[in-house]
Q: 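Just passing along the structure, written as structure tokens.
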Number of protein chains: 2
Amino acid sequence: MATIQDVAKAAGVSAMTVSNVINDHPNVRKATREKVLAAMARLDYRVNVAARNLRKGRTGTVGLAVPEVNSPYYGRLAAAIIAAAERYSLRVCIEQTGASRENELDALSLSRNRLYDGLILSTVGMGPADVELLKVDHPVVILGERIFGGPVDHVAMPNIDASEAATRHLIERGCRRIAIVRGPGGDSGEEEVDVSSLRFTGYQQALRSAGLPADPGLVQSLETLTMRAGALCAREMVRSGLDFDGVFCVTDTVAMGVLRGLADAGVRVPEQVKVIGFDNVEESEFLVPSLSTIDPDHDTMARRAVELLAGRIEQTEPGEPEADREEFVSRFSVVVRESTGGNDTTEREDKG
Amino acid sequence: MATIQDVAKAAGVSAMTVSNVINDHPNVRKATREKVLAAMARLDYRVNVAARNLRKGRTGTVGLAVPEVNSPYYGRLAAAIIAAAERYSLRVCIEQTGASRENELDALSLSRNRLYDGLILSTVGMGPADVELLKVDHPVVILGERIFGGPVDHVAMPNIDASEAATRHLIERGCRRIAIVRGPGGDSGEEEVDVSSLRFTGYQQALRSAGLPADPGLVQSLETLTMRAGALCAREMVRSGLDFDGVFCVTDTVAMGVLRGLADAGVRVPEQVKVIGFDNVEESEFLVPSLSTIDPDHDTMARRAVELLAGRIEQTEPGEPEADREEFVSRFSVVVRESTGGNDTTEREDKG
DNA sequence: TTGTATGCGTTATCAG
DNA sequence: CTGATAACGCATACAA
């Protein structure tokens, strides 16, 4: 493989001049430039990115650590982030953490190893106890939860408020016995900070505000928030004779399963039971019935996360006064569809 | 940031010894090793991956170029590939090409720049005319189509056979006027090699074998294979009074839209119209009605693709006799669900 | 406008 | 078992 030296020799110039041509430096005579370009073409020269990275101390790549790409939610998020990063000429490398704390820390450490210029970390496995570990000397943005007041930039969803709005929407549509399908946790007594628990809090607040009782029997905790688990859960709720007329699902994915489970059990949605999800994944609009949900404005979140990260990367060298850590909470809207009795037209109710 | 030299100094050894410790080389005395490890911990040392890459001429990262991560199909594929790559200690960096030929070539060139040790390329935009461009001197595996007899390894789906089986399944279930919802193309007169056209070919073969006429009015070509396009298409088919009792959708994604569109039009599936898709994305099982489809065994494809790529990477240096280019075609099965009159239990019909 | 010298941090080689 | 030396390919600072 040809190096910059080979090109220099072939073009009868110095390596420096070749470098200048490659990087579009202004001070190169046209004739020289063309001579060099010709030599590059002749030798099929390619820059060696590893060498350039070493020299510059930058890789032009940021890491994105998410639990899994193969999910409507994280897939969409990843796509939005890749798109946003492009505007900063940043490549995105996705790490799947499988929601494990271990792997999330691994991702942090890869970034530390300077494989990445920075890291966008969607924490699911790490808890407040790990805040200390986030005190690293390279750019990190936490995405998707609102758990750390901590030492890093943070882009979050209004989990509690939005869940309250979702539940309130069910109440406004006449539901009185509203179940929640949530993820694991919620029984430790400590303050819970995972997405599922935050959304549960919002649900509780809405019930309280409306003066509805909080029946523990209406709380369904699943090990995993998958479609399969949602379907099993819904079937079991019906089979066991549980009395409910509404379901708030903490993610659209699990809501898809719930809709399927209710159909299996012969329960009509929205006539007998109304269902609302959270995330507004692409599929929601095309289910039968279409799924009412919370839209947390992924694109804005993704843009803001990349913006923050790019900013930190920029000011990493100059020793400028570090900007304060920022916390950005996205706006949200309630998307009303058939599963709560909406019609085809999507009504939006903006909140923030 | 501490370097290997700093650690060496702190531990009172040479840089080489530190390197040996880091890389678990056998010939290091235990006492020395511990001295070094202590120094590393004290200085919070991290290897500089860029320097290592430069020195070794490898990055330990492979590229995966797909049209988009935010799709049930490619999301699942990406997840499978990441998992498979892990077993070879290879990191995967996803490039979104947006199905554009330009971006697919860009990905090739990044690989050429040695950012990646190799590339798995899911071609959609490139055509047979670009075969020449694949003649590169670094490892590449083409994934997902069966278009190039060409100069690279190739992991493909049995698009034609599987589509024929899907269509035959509709016929066996009693359909006689079977529509196909396919992507753009198919009117150029030339031999078409994109996924959609290959699947169309399988559809035609099945009709011919069964002695059914091929009515051009039953062929729906969509600009994009999205849920939205599928829904619009299905509504329009019904509205226009088209006579059909079965639909073969070339992807599950578009099939999801079609199911929704038929529901909008008041058409009952499977009683009035039967529907089958292709890909067996996770959602298919949980739709109402659940979607019959083709399962092309993604996991095996992903594993084989990574295996081939890792093999090429391995034998890149030694100047060994290059192994012949390989073409791997996965097995498939027909998954029968409610949309073609199946019951809850998934019946599988293995083919390959 | 172009060239020279130097070092980024690591590891392969080989000598001790 | 350990260390000295060199080189991976590029870009920065500075000199010419």
Q: Which whole-number value in Å describes the distance from B:Glu34 CD to D:dT2 C1'?
A: 17 Å
Q: Quick check on C:dG3: is either OP1 or OP2 less than 4.0 Å from any side-chain nitrogen or oxygen of A:Thr17?
A: yes
Q: Show your reasoning for whether side-chain contact (heavy atoms from CB on, under 4.5 Å) applies to A:Leu309 and A:Val306.
A: CA-CA 5 Å; A:Leu309 192 66; A:Val306 171; 5.6 Å; no
Q: Checking B:Ile94 against B:Val66 for the side-chain contact (heavy atoms from CB on, under 4.5 Å) test, could you report, in this order, the C-alpha distance in whole Å, the side-chain angles of both residues, the deciding distance, and whether it holds?
A: CA-CA 7 Å; B:Ile94 299 176; B:Val66 292; 4.1 Å; yes
Q: Whole angstroms only, please: what is the CG-P distance between B:Asn27 and C:dA15?
A: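 From B:Asn27 CG to C:dA15 P: 17 Å.
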Q: Determine the sole option in A:Arg303, A:Arg304, A:Glu307 for which the side-chain contact (heavy atoms from CB on, under 4.5 Å) test with A:Phe328 is passed.
A: A:Arg304
Q: Is any side-chain heavy atom of A:Met301 less than 4.5 Å from a side-chain heavy atom of A:Leu143?
A: yes
Q: Do A:Leu115 and B:Arg52 have side chains that approach each other closer than 4.5 Å (heavy atoms only, starting at C-beta)?
A: no
Q: Does the pair B:Glu104/B:Arg101 count as a salt bridge with the N-to-O cut at 4.0 Å?
A: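 Salt bridge flag = no for B:Arg101 with B:Glu104.
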Q: List the protein contact pattern of nucleotides 6-16 of chain D with one symbol per nucleotide (5' to 3'): B for base contact, S for sugar-phosphate-only contact, - for none; contact means a heavy-atom distance under 4.0 Å.
A: BBBBBBBB---
Q: Can you measure A:Asp24 atom CG to C:dT1 atom P for me and round it to whole angstrom units?
A: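 Checked: the CG to P distance equals 15 Å.
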